[in-house]
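The structure appears below as structure tokens.
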Amino acid sequence: MEGHKAAKIFEEIDAIVNRNFMAQKDEKDLFFSIAIASAGELPAIGNTVALDLSERALKARDEQIGRLELEVVELKKQIQSTAIELVQIKKTIHWKISTAYVFFDYLFPRNSKRRAAVLSFIFFIKKNIHFVQNLFRKNSRKNLHQDEPVKGGVAIYIGSNSQQCLGEVAELLRCGFEEIGMNVRCGNEKLGFFDDVEWHIIIAACEFFFNTPEGQGLAEKLPRNSILFILEQPYSHWYTQIESLFKFAHALWSPDYSTCRLLEAQNYKHVVFMPLGYSAKFNLYKEIPILPNNTFTSFLPDSTKKYSFSHHPWHERPIDITIFCHLTERRNEFFAKNAHIFSKYNCYFVFVNAANGLVVASDSRPPDTETTNGIIQRSKILINIHRSSLQYFEWHRIVMQGVWNKALIISEKCEDGFPFQNGKDYVMCEIEEIADRVDFFLSPKGEVSANEMTSSAYRKLTTQCQISDFLNKNISTFSTKKARDIHKDVLAMYKHYGIDETILRQWSIFEDDWEIIDTELQQAASLKNVLEVGTFMGVSTFCIAQRLINNDQHLYTIDPNALLETEVPSVDKEFAGGRYTLLGRPQDIAKNIFRATGLKRNIHFLQGCLDYQRSNDGSQNLRRWSLDFTKKEMKFDFIFIDANHCADAVYSDVSSSTKILADGGVILLHDGRGRWAEEVLYGICKFLEENNNYTVSRRLNGTILKLERK
């Protein structure tokens, strides 16, 4: 009932305001601009109409809104208080025990045969607990990936009183995470940090922690696995306010490149440049065919409100120039100086005085996202003026609002935001030159260039600037495990399954080698497809798998899978004397352990060779996988070769790998030092003699060689 009452009151208020608008408006005037909460503060701009709501209508609306807001706040307090009490009760031992006993009594009534049978079974399990653990090893073993994020483990937070644009950023990140296969929860400081997620991403920490008492209490309880998404401008008082939190966060993300460079210079770890890209799932920025009917649109003609211009040529858009911004002294001065130029065009300007309150994400009143985007989709030019003299690339206004809605951005000077370039995708100039640039692009001579720029920018946004790609590239920052800990856990897992550690250390990668591989993995530009040549028992396979944590990443591992009793003694006489009993095939052992652990990774075990067909025991007709990959046009971002170490085999594996290596991909080879180094280096040198567009480097603290295109 309260919702219907509120809706009715708002309808009445809007009707009063709209009548007031229409009474004041002269039909002969061009629709031009609105100055909200700043009417009278700006000088008149030609025939621009700074609409001033009647004092009576405003007062009536404010009184109604004030009463409703108080009622809503009171209801929220009551709901929150009740919820907190219920949570506290449910946490008590008494509640848990009582609930369990009531449910147990319901299923198994007292003095019944069913109850007696169940109790007997429970006592049996308690008495023979070790037997049961061995019987169900899958559930009792040490969890190999216990410190990793799991699917469904991300929470995104913004302040409850945050600006509307922050809500849009949070929604964009949510869509990006869902595209790479992760479930996401959204919250604010009043809900607190969720207990059932692995990672906490806090957008604009200043507004999250310092705008409400609840947020201030959380600042001292920052979870270990927190990622701060920094939107505060460097050297501003907001940035200074949150700087003390940086050392407690696991990672620092920012869409501003200069901020990332500053943080790296201060030696913070896990600093990530995270632009605000494109997501097809992001419905907030869909096409707005009809503008919402509200205070901000009521005076526009139907020809503008009720028709979509998203697919029309740029020059057919009805509004010439648009800006939505908070009013600052710098912006005020800019528009006052250029009033004589803007007065020639149809403009739509919305200025909000920050002293009178920001447009917040939790407020459903206009100008909401739908109204803002609908206006920009009908505008030729979106102007970007910095609030202060600090220069930075405003991803939200330039890319999300402007490029996404196919408007031409004319911005004062700032850093480039790759892949968008000044002069090709948007216009960047000194603030004194902006009005002249507006004049040029709104002339017949400038329309062609404007059309080309908006088309180029939108194409780059949708093809080169996917938010899921940015997240995929930097997902490795989610891992808190160190390389040596991963290697240690993998060896412990094999020992748990009865595999002798001596064999593993003799025939698998060492800790130093894995650290090098791990570093290269985390520095790779992309990790969609990874190839391992030479599985053996899978130690390196499982180590690599720990860094591939989303559903779009795949690891392919190839091995001839020859009998252990034939393969191992053929290259190491110690094992021929019967010191160890070697039964089965190595890749089969790896596959069985993979199934038993329940490790949720896309690992594909392939039996055969990459392109070299000789089998150690001569019993198999080996499949040539590199040819299959080539036919499927499959490319790999990362290839690790640790297979047959004979020179001819190394040459063949390297040659085949380069044919299926993605642009920017890396090839690593094992045993660049030690007993097999001579053969390995001979095979690589033979390849380099025939291919001078590749270079190889040796890592001095291990046996790993790195091969990459020049």
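Residue indices begin at 1 and follow the sequence shown.
- Q553 contributes a side-chain N or O that, together with a main-chain N or O of L527, makes up a donor-acceptor pair within less than 3.5 Å.
- A donor-acceptor pair is defined here as one N or O able to donate and one able to accept, closer than 3.5 Å; no such pair exists between the side chain of H326 and the backbone of R387.
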> Run the side chain to side chain donor-acceptor pair (under 3.5 Å) check on E168 and Y285 step by step: do they pass?
Replying inline: CA-CA 9 Å; E168 295 170 11; Y285 276 30; 2.7 Å; yes
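- With 3.5 Å as the limit, one finds no donor-acceptor pair spanning the side chains of N188 and S160.
- With contacts defined as side-chain heavy-atom distances shorter than 4.5 Å, the pair V154/V197 does not qualify.
- Between E189 and E207 the shortest side-chain heavy-atom distance does not fall below 4.5 Å.
- To the nearest 0.5 Å, atom CG of residue L166 and atom CD1 of residue I203 are 7.0 Å apart.
- Checking side-chain atoms of T322 against main-chain N and O of L382 turns up no donor-acceptor pair under 3.5 Å.
- No salt bridge links R547 with E520; every basic N to acidic carboxylate O contact stays at or beyond 4.0 Å.
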>> side chain to side chain donor-acceptor pair (under 3.5 Å) for E179 and S279? Distances and angles first, verdict last.
In response: CA-CA 8 Å; E179 283 183 356; S279 169; 2.8 Å; yes
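- Minimum interatomic distance between E370 and I288 (heavy atoms only, all atoms of both residues): CG-CD1, 3.7 Å.
- Annotation: the span from Q546 atom CD to T541 atom OG1 amounts to 11.0 Å, rounded to 0.5 Å.
- Between E232 and the options D256, I242, T240, T259, a side-chain contact (heavy atoms from CB on, under 4.5 Å) holds for only I242.
- The shortest heavy-atom contact between R331 and R397 is NH2-NH1, 3.8 Å.
- Using cut-offs of 30° and 60° on the angle between ring planes, the pair H200 and Y157 is parallel.
- Heavy-atom neighbours of Y257 OH from other residues, nucleotides or ligands within 6.0 Å: at or below the threshold of 12.
- Shown here for P419 and K460, the closest heavy-atom pair between the two residues is O-NZ, 3.3 Å.
- Summarising the geometry, atom CE belonging to M428 is positioned 4.0 Å from atom CG belonging to N422; distances are rounded to the nearest 0.5 Å.
- Counting all heavy atoms, side chain and backbone alike, D425 lies closest to S456 at OD1-OG, 2.6 Å.
- Counting only heavy atoms from C-beta outward, the side chains of L228 and F246 approach each other to under 4.5 Å.
- Of all heavy-atom pairs spanning P255 and F229, the tightest one is CD-CE2, 3.7 Å.
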>> Test side chain to side chain contact (heavy atoms under 4.5 Å, CB included) on F393 and V399; report intermediate values, then the result.
In response: CA-CA 9 Å; F393 189 87; V399 177; 3.7 Å; yes
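- Remark: side-chain polar atoms of S226 are not paired, donor with acceptor, to backbone N or O of L222 under 3.5 angstrom.
- Looking only at distances, no side-chain donor or acceptor of K406 sits under 3.5 Å from a matching main-chain atom of T454.
- When side chains are defined from C-beta on, I230 counts as touching L252, because their heavy atoms get closer than 4.5 Å.
- When all heavy atoms of I376 and A407 are compared, the closest pair comes out as CG2-CB, 3.9 Å.
- R174 and E171 are joined by a salt bridge, as a carboxylate oxygen and a charged side-chain nitrogen come within less than 4.0 angstrom of each other.
- For Q377 and E287, the side-chain atoms include no donor-acceptor pair closer than 3.5 Å.
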> Should I319 and I375 be marked as a side chain to side chain contact (heavy atoms under 4.5 Å, CB included) after you check the CA-CA gap, both sets of side-chain angles, and the distance that decides it?
Replying inline: CA-CA 8 Å; I319 302 175; I375 294 295; 4.2 Å; yes
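- Between T369 and Q164, the closest side-chain pair of non-hydrogen atoms falls below 4.5 Å.
- Environment of NZ in K528: sparse, with no more than 12 heavy atoms of neighbouring residues, nucleotides or ligands closer than 6.0 Å.
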> Could you go step by step and tell me if M400 and E394 meet the side chain to side chain contact (heavy atoms under 4.5 Å, CB included) rule?
Replying inline: CA-CA 9 Å; M400 290 182 67; E394 290 188 274; over 6 Å; no
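- A cation-pi arrangement is present between R185 and F194 under the rule of less than 6.0 angstrom and at most 45 degrees off the ring axis.
- Checked against the 6.0 Å centroid threshold, H250 and W199 count as a close aromatic pair.
- Between Y348 and F324, the angle of the ring planes lies from 30° to 60°, which puts this pair in the tilted group.
- Here OG of S254 is found 10.5 Å from CD of Q233. Values are rounded to the nearest 0.5 Å.
- Results of the ring-ring contact (aromatic ring centres under 6.0 Å, His included) test with W404 over F420, Y458, F282 single out F282 as the only residue that passes.
- Checked against the 6.0 Å centroid criterion, the rings of F210 and W238 do not qualify as a close aromatic pair.
- Within the 4.5 Å cutoff, side-chain heavy atoms of C465 are placed close to those of F470.
- Using modelled atom types, one finds no donor on one side chain facing an acceptor on the other under 3.5 Å when comparing N161 with T212.
- The SG atom of C325 sits 9.0 Å away from atom CD1 of I383, with the distance rounded to the nearest 0.5 Å.
- By the 4.5 Å heavy-atom criterion applied to side chains, F209 and I202 are counted as neighbours.
- Relative ring orientation between F594 and F542 is described as tilted, the plane-to-plane angle lying within the 30° to 60° band.
- Inter-residue side-chain proximity for I409 and V427 is flagged as unmet; no heavy-atom pair is nearer than 4.5 Å.
- Looking at T372, its side chain does come within 3.5 Å of a backbone N or O of D368 through a donor-acceptor pair.
- Within the 3.5 Å criterion, the main-chain N or O of Q401 finds a donor-acceptor partner in the side chain of N405.
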>> Working note: Y556 + V530, criterion side chain to side chain contact (heavy atoms under 4.5 Å, CB included); need CA distance, chi angles, decisive distance, verdict.
In response: CA-CA 6 Å; Y556 296 83; V530 177; over 6 Å; no
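- Expressed to the nearest 0.5 Å, how far NE2 of H604 lies from CG of L531 amounts to 11.5 Å.
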